[in-house]
Structure formats: structure tokens, C-alpha cells
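This report refers to the structure that appears directly beneath it.
Naming convention: chains lettered A, B, ... in sequence-line order (proteins, then strands); numbering from 1 in each chain. Only a predicted model underlies this, so the values are computations on that prediction, with no experimental measurement involved.
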Amino acid sequence: MKKIVILGGGTAGTMMSNKLRNALRREEWDITVVDKHKTHYYQPGFLFIPFGIYNERDVKKPKSSFFPAGVNVMYTGVDKIEPENKKVLLDGGKILYYDFLIIATGTQTKPEETPGLKEELWYKDIFDFYTIEGALALQKHFKSWQGGKLVMAISEIPYKCPVAPLEFVFLAEEFFTKKGIRDKVDITIVTPMAGVFTKPIATKMLSDLLVEKNINVVADFYIEKIDNEKKALVSYDEREVLFDTLTIVPVNMGDEMVERSGLGDDLNFVFTDKHTLRHRDHENIFVLGDAANIPTSKAGSVAHFASEILFDNLMNAIEGRPLIASFDGHANCYIETGYGKGALIDFNYETEPLPGTFPLPGIGPFGLLKNTKINHYGKIMFRWIYWHMLLRGKALPVEADMTMAGKKRVTF
Amino acid sequence: MGQMELGNTMVDVNDEGYLTDASQWNKDVANAIAKEIGIELTDKHFEVLEYLRQKHTEGEVLTIRKVGKSGIVDIKGLYKLFPGGPLKYSSKIAGIPKPASCV
Ligand SMILES: Cc1cc2nc3c(=O)[nH]c(=O)nc-3n(C[C@H](O)[C@H](O)[C@H](O)COP(=O)(O)OP(=O)(O)OC[C@H]3O[C@@H](n4cnc5c(N)ncnc54)[C@H](O)[C@@H]3O)c2cc1C
């Protein structure tokens, strides 16, 4: 019996287990998924929790509902991979041998990486919304908050779902306006990048939204520490941003298992060939989802597009062919902008987000880089698509490779 | 997009003055870009620039944190070398793309 082992049963690992079980004969291939948690969270839904739009029950289901029959599932931690022996050590001493390994252990938030972050103000005046605990704590906080300085800060790049902080400030703007206290809430977004938008066309098309909604931007701000007494973010070049409530995306890192196995970079993201999706140094290891160090967004949509390429290349590898399928970095993200509207961006390694329309048979077209109601429905629909189609490895009516159909090449 | 003469070399640059072809880079180009930004390059600067170029060639995403762990200079030191926006300026002088997010 030949063996495929999938490490991580989140978005990417679940998707892959479904695709592979459908394609490979049970008598020939044994498939095992390992994950330390039993609950699957729909992470894109975390964004809506602080504002009471979603609650915990809207974003959580048992992982077991999404794994296909005929796949072994082990709920335990992965301690270490030994690529030279093609084996995986699990917590508690168990060993799994593999012919092919898929690493899909995602990324996690590491508030400990920033001095002062996880101290007395943590979950009192400082929150993240990248975890269920943080999102729920912030919901509770916002229920009684009377206003003041609301700061949304990004600690480090890369982090998953790069547009989420932007969506957060847009939704906060609507939330406090509807509560009737917008005049008492000063909203600021703080980024280590040169701006909230870094691509020329997206900047032109979307940065007016921030001005329109009276949201301040502090750019090139690289957080060194949090001063709990002063309630201030302090940057390495000794600037300060004061806050009353801080929402932060802590430093994102891959799992420590990657470090213990010596397979990734300084942030524990796994060295991955950005086109074949195979490990840079190991023939029998592939990488899918947020765990990979490929230069595109860490997003569920990316994991979905990449899964089709990975599937093809794994089949190529199994059958001894060259890995001819090539991932183009395709990402497709809805951006909630508040008041029932949204924008949509579609891009890849080579092409920055362009305006135009995005064709989706039966539903679209969606307006690219435009602020419209239909794009908001796209985001709301995504939850249904996620549970019912994406995780189950079904084909979505969108191509893995980015298409230029509907896009407008523009020069400003 | 356009061409521009920097340190006696013709290079292709984008609207923000970042080189679009990292292979056109040399030390004179670096000195010329640095001068425009108002930075006088020392050996330490060049160590950082070479490191950035190497990581860029290897396809790695660059961060200030990564440079801070490189053993060449710590983060505070990097700010001293390239004040105001260490990664965007050092990338520009190193002839590699501006650090960017997806939008
Ligand atoms: C607030 C927020 C909003 C988002 N919005 C969007 C959006 O609108 N659109 C979009 O496309 N994406 C969005 N995303 C991103 C999306 O959720 C992720 O990109 C996606 O879930 C990545 O899937 P993954 O399988 O790589 O990682 P995950 O789904 O995080 O799964 C990783 C799994 O590995 C397991 N694991 C890790 N280490 C170990 C170990 N050592 N042993 C055992 N198990 C381990 C974990 O328990 C986990 O189950 C959002 C994310 C957040 C946080």
C-alpha cells in the first residue's frame, strides 16, 4: 500500500483530502490527515464577529464533517518531519511513513513576538480578530465602548488575508455611524508598508474610500513594542500612535513544526517552488495554503486555485512525469467596504489588480476594483461556497489560472 | 515606465523610480539612487544591499525582521542606515522591487 500524508486539516488540507480520495484507488493508496484540532473555523467570518454580524455558531463546524470516507484522520500534533527518511513524528511518539507528503499547516498569529502586546491590556483594550477568542472578546468590548481612538494596526508582512484590516476599518466606520457615535470615534489604520495600497492602480481606484470615510492612515510604521501605560504603539524609529482601543494583526508565522524540521524560512513558512508547489529541496513533499512561502496572498481562494495545480503535479509525480502544471499565483478577494457594498480584486504573480469585470457564469459579472452591492453579495455567498463546495474539493466556476477576460489594461 | 541614466548606466525604471530589471544594477547605480534619497552609502549599506539582492533572487519575501535577523545589522541599525522607510529605500537602492502588498 502506498501512502499520502496530509499535515493540517484546515482549508487546504481538507480540500486536498477530498480531491485525492476521489481520484486515487483505495486499494492502492492510503490517505491520512493529521490535525491537532477537531473544530473547523470559517476564518473569513471572523471579520464580521466584532460587529455582531456573525456569531460563533456561524463560523464553526466539526472538521470530521468535511473529510471524505476512506481517509484516516488523526487528531494529534505533528512534532517533526524527517524528509530523508520520509517519515513524520507525531506528538506522543507515533510515526507515519509516506510516499508523498503535503504540508498544509497554515499560519498562526504570534502576539508574543511583539513586546508589550500580550500583557495587561490584552483582551481588555487590545484585540485581534484573527482568532475566534479575539473576535468574540472584541464583540463584547464594542457593545459598551463609548468611543475614542480606534487603531487598527498591522505588525508584519506577510499576514493572511491582506485586505482584512482594511475591511475591518470600513465595517467599524459603518458600525459606529449606525450606533450614532461616529463623531466620537477616531479611526486610524497603521501599516508597516509605504501605504494601505501599494499597487498603483488599486491606489488610484480605492484610496478615495479612506478619505471619504474619514479614516486616517499612518504608513511606514514598523511596530517595535506596545507601551501599556501610555496606551501607545511605538515604532523602531521612535514614533508613537496613541490608542484607546487597539485591534492588531499580530506577527504571522508558520507552525513551529516547520522550524523543528528545518524546512522553512525565518517566519517558519515552508520553502516552496512558486510554480510547481513542490518543496524547494525535497521531491516527495508538496506545500499548499498559508504554510507556503510563495509570493502571493495567504487566502482561502489562493489555496483553492493552487490545489488544482498541486493535484495535477502530484499525479504527475506519482506517474513519473515532469511537474508541468504551473501555478500563476492567482488570488481573488472580495473587500467589504461597509453599507452592504464591496470591491473585488483578482490578480496573480505578474498582473496587479486591474479594473473591469470579473466573469462568473450564472451570477456575475462582478465589478473589479469597484464599490458595488453585488460584490458584497459575493462575499456573503462565499461562506456557503466555502462549506459546500470549496472544502469538499468540488470545482468552482472559476479557473485556476487568472483570466484577462473582462479586465482592462490601464495606464494612469 | 521609462529609461533613465543613473551613475552612467541606462536603466529601466517604473513610475516610482524602482529598477524593473534587477540585473541592470551596479554600485554606481546604487550610489546614484542613494544620493537622490539623501543617503551616503558605506560598506555596511552595501552588505545590506547584497543580502537583499541575494534573497530577492532566491524568491524570498523580504521583511525588516528578516534583515534584522541576517546578522549584518539589527532593526534599529537598519533604520539608522536607511531612515524613514528602511525596506522601501534599501530595496530601491538595491535595484529590486518595492515591497508591496496585494492591493
Ligand atoms: C479574519 C480573516 C479573514 C479572512 N478572509 C478571507 C477571505 O475573505 N477570503 C479568503 O480567501 N481567505 C480569507 N482568509 C484566509 C483563509 O482563512 C486562509 O487563507 C485559509 O484558511 C488557509 O488555509 P490553510 O489550510 O492553509 O490553513 P488553516 O485553514 O489555518 O489550517 C491549518 C491547519 O493546520 C493545523 N496544524 C498546524 N500546525 C499543526 C501541527 N503541528 N500539528 C497538527 N496540526 C497542525 C491547524 O490546527 C489547522 O487546522 C481570512 C482569514 C482571516 C483570519
Side-chain angles (χ1 to χ4, degrees), chain A residues 113 154-159 161-163 165-166 191-203 205-207 219-222 224 235-238 251 253 265-267 269 271-275 280 293-299 302 329 331 333 335 343 345 347-348 352-353 369 411-412, chain B residues 1-2 12-22 33 37-39 48 51-94 96-103:
Chain A
E113 286 284 308
I154 299 157
S155 307
E156 179 60 290
I157 47 153
Y159 58 95
C161 198
V163 296
L166 189 61
T191 171
M193 310 292 287
V196 172
F197 301 102
T198 54
K199 298 284 166 79
I201 298 167
T203 308
M205 308 276 297
L206 297 174
S207 49
D220 287 317
F221 193 96
Y222 196 61
E224 180 185 9
S235 71
Y236 277 97
D237 52 351
E238 283 145 38
V251 175
M253 289 176 75
D265 66 15
D266 59 312
L267 290 171
F269 294 123
F271 295 125
T272 307
D273 183 290
K274 69 176 184 176
H275 293 304
R280 187 189 68 186
N293 80 333
I294 57 177
T296 185
S297 290
K298 297 194 181 300
V302 174
C333 300
I335 308 174
I345 52 173
F347 56 96
N348 66 15
E352 67 173 298
L369 283 174
T411 40
F412 284 105
Chain B
M1 293 282 183
D12 297 305
V13 292
N14 69 12
D15 292 344
E16 293 181 299
Y18 285 76
L19 263 59
T20 53
D21 177 357
I33 303 172
I37 298 173
I39 297 173
V48 174
Y51 172 83
L52 293 176
R53 286 180 61 80
Q54 185 201 332
K55 290 289 163 188
H56 171 71
T57 318
E58 291 167 7
E60 287 194 30
V61 178
L62 290 163
T63 62
I64 291 179
R65 189 170 303 258
K66 188 170 280 184
V67 183
K69 286 183 193 164
S70 65
I72 299 169
V73 65
D74 63 11
I75 297 177
K76 289 259 181 206
L78 186 66
Y79 267 91
K80 295 233 166 66
L81 293 176
F82 303 95
L87 201 57
K88 70 178 181 191
Y89 292 140
S90 58
S91 299
K92 190 170 186 179
I93 300 169
I96 63 174
K98 183 176 169 180
S101 73
C102 68
V103 278

field: Test side-chain contact (heavy atoms from CB on, under 4.5 Å) applied to B:K88 - qualifying residues, sequence neighbours left out
entry: A:A194, A:D220, B:Y18, B:P99
- prompt: For A:N293, what residues pass the side chain to side chain donor-acceptor pair (under 3.5 Å) criterion, not counting sequence neighbours?
  reply: none
task: Using a heavy-atom cutoff of under 4.5 Å, enumerate the residues of residues 63-73 of chain B that contact chain A, numbered in order, or state 'none'.
output: B:T63, B:I64, B:R65, B:K66, B:K69
- request: Let me know if A:L369 has heavy atoms under 4.5 Å from chain B in its side chain, its backbone, both or neither.
  value: neither
message: Does any backbone or side-chain atom of B:L87 lie under 4.5 Å from a heavy atom of chain A? Answer side chain, backbone, both or neither.
response: neither
Spacing of CG belonging to A:D266 relative to NZ belonging to B:K55, to within rounding of 0.5 Å: 8.0 Å
task: Could you tell me which portion of A:I345 (side chain, backbone, both or neither) has an atom closer than 4.5 angstrom to a non-hydrogen atom of chain B?
output: side chain
message: Heavy-atom cut-off 4.5 Å, strictly under: side chain, backbone, both or neither for A:F271 against chain B?
response: side chain
field: Interface moiety of A:E156 toward chain B, non-hydrogen atoms closer than 4.5 Å
entry: side chain
Atom pair OH (A:Y236) and CG (B:L78), whose distance is rounded to the nearest 0.5 Å: 10.5 Å
query: In terms of heavy-atom proximity below 4.5 Å to chain B, should A:F347 be classed as side chain, backbone, both, or neither?
result: side chain
- line: For residues 75-87 of chain B, the salt bridge (Lys or Arg N to Asp or Glu O under 4.0 Å) pairs (sequence neighbours left out) are A:E224-B:K76, A:E238-B:K76
- request: Go through the atoms of A:D265 and report whether side chain, backbone, both or neither lie under 4.5 Å from a heavy atom of chain B.
  value: side chain
- prompt: Which region of A:V163, side chain (C-beta onward) or backbone (N, CA, C, O), has a non-hydrogen atom less than 4.5 Å from a non-hydrogen atom of chain B, or is it both or neither?
  reply: side chain
- prompt: Are B:V61 and A:F269 side-chain neighbours, meaning at least one heavy-atom pair lies under 4.5 Å?
  reply: no
